[in-house]
Amino acid sequence: MDLYSAQRIAEAEAARTGLGTGPNRRLRLTLLIGMPMVFPLIGIMILLPKSLRDDALRIYEAGIIGCLLHYAWVFVRYPRYAERPPYLTRDLAMGGGFFLPSLLLGFWPGMIAAPAWALFVGVTYVVEGMREHRGHR
């Protein structure tokens, strides 16, 4: 086994377990920080005066948009499946997880964008596979 193969195996194992490295780590942290923050936000909104509740909600909604834009930025950097680090496609598709906080808060752009994002990543994966399969003929 050459050094490159050993390095790829080590990267794949690191990406599969824990937070991974590189873009996998960034996407997983984006999801782990952004998605569960809806619950403290709800608690904070209960304690805030009515005049500030909408502001807190808008800040979190901007955070959801920022998280989805971060996912898009990583996708732009690694558009082709063959060039992506191991498990990055799975991590990209996990951006659909922002549907739940959007649903809880009634944030319709997030309710549309999060599942559309996961569907987009899935479709690009299938199209890439079909192109690769056609190339082998």
Side-chain angles (χ1 to χ4, degrees):
M1 177 183 313
D2 63 353
L3 183 60
Y4 178 73
S5 298
Q7 184 180 8
R8 272 303 263 185
I9 291 170
E11 287 175 3
E13 187 60 25
R16 188 180 66 78
T17 60
L19 287 176
T21 59
N24 296 78
R25 174 183 290 264
R26 288 192 302 271
L27 290 180
R28 291 175 189 176
L29 286 173
T30 299
L31 186 69
L32 289 173
I33 293 170
M35 199 171 88
M37 287 301 289
V38 69
F39 300 111
L41 173 73
I42 292 171
I44 290 169
M45 286 176 61
I46 291 171
L47 299 174
L48 284 175
K50 269 189 171 183
S51 61
L52 295 176
R53 288 182 188 164
D54 283 342
D55 295 335
L57 185 61
R58 299 295 170 248
I59 290 169
Y60 183 76
E61 289 170 351
I64 289 176
I65 291 170
C67 290
L68 289 171
L69 287 174
H70 179 246
Y71 273 75
W73 177 73
V74 171
F75 184 85
V76 167
R77 291 194 60 211
Y78 299 96
R80 299 196 43 102
Y81 174 74
E83 299 168 358
R84 290 182 192 152
Y87 297 99
L88 186 62
T89 301
R90 179 194 67 182
D91 293 337
L92 283 167
M94 290 168 76
F98 286 102
F99 173 76
L100 184 60
S102 299
L103 183 66
L104 287 172
L105 298 175
F107 181 53
W108 66 267
M111 287 188 274
I112 294 169
W117 173 255
L119 183 64
F120 170 73
V121 171
V123 167
T124 58
Y125 175 74
V126 169
V127 167
E128 187 86 17
M130 289 171 49
R131 282 186 183 168
E132 186 177 307
H133 181 67
R134 282 180 129 185
H136 289 301
R137 286 185 178 180

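Only heavy atoms go into these numbers, but all of them, side chains included; no hydrogens, no water, no symmetry mates. Throughout, residue positions are numbered sequentially from 1 according to the sequence presented.
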Which is it for Leu41 and Met37 under the side-chain contact (heavy atoms from CB on, under 4.5 Å) test, yes or no, and what are the steps along the way? CA-CA 6 Å; Leu41 173 73; Met37 287 301 289; 5.9 Å; no
### Query
Could you walk me through whether Leu48 and Asp55 pass the side-chain contact (heavy atoms from CB on, under 4.5 Å) check?
CA-CA 10 Å; Leu48 284 175; Asp55 295 335; over 6 Å; no
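The line from NE2 of His70 to CG of Leu29 is 9.0 Å long, rounded to the nearest 0.5 Å. Atoms CG and CE, on Leu105 and Met45 in that order, are 7.0 Å from each other to the nearest 0.5 Å.
Between Leu88 and Val74 the shortest side-chain heavy-atom distance falls below 4.5 Å.
Remark: aromatic rings of Phe107 and Tyr60 are distant, center separation not under 6.0 Å. Taking the six-membered ring where the residue is Trp, the centroids of Trp117 and Phe98 are separated by 6.0 Å or more.
Between Val121 and Ala93, the closest heavy-atom pair is CG1-N, 4.0 Å. Between Tyr71 and Leu27, the shortest heavy-atom distance links the atoms OH-O, 3.0 Å. Nearest heavy atoms, Gly34 versus Cys67: CA-SG, 4.3 Å. Between Gly95 and Ala114 the shortest heavy-atom distance is O-CB, 3.9 Å.
By the neighbour-count criterion of 12 heavy atoms within 6.0 Å, atom CE of Met111 is densely surrounded, having more than that number from other residues, nucleotides or ligands.
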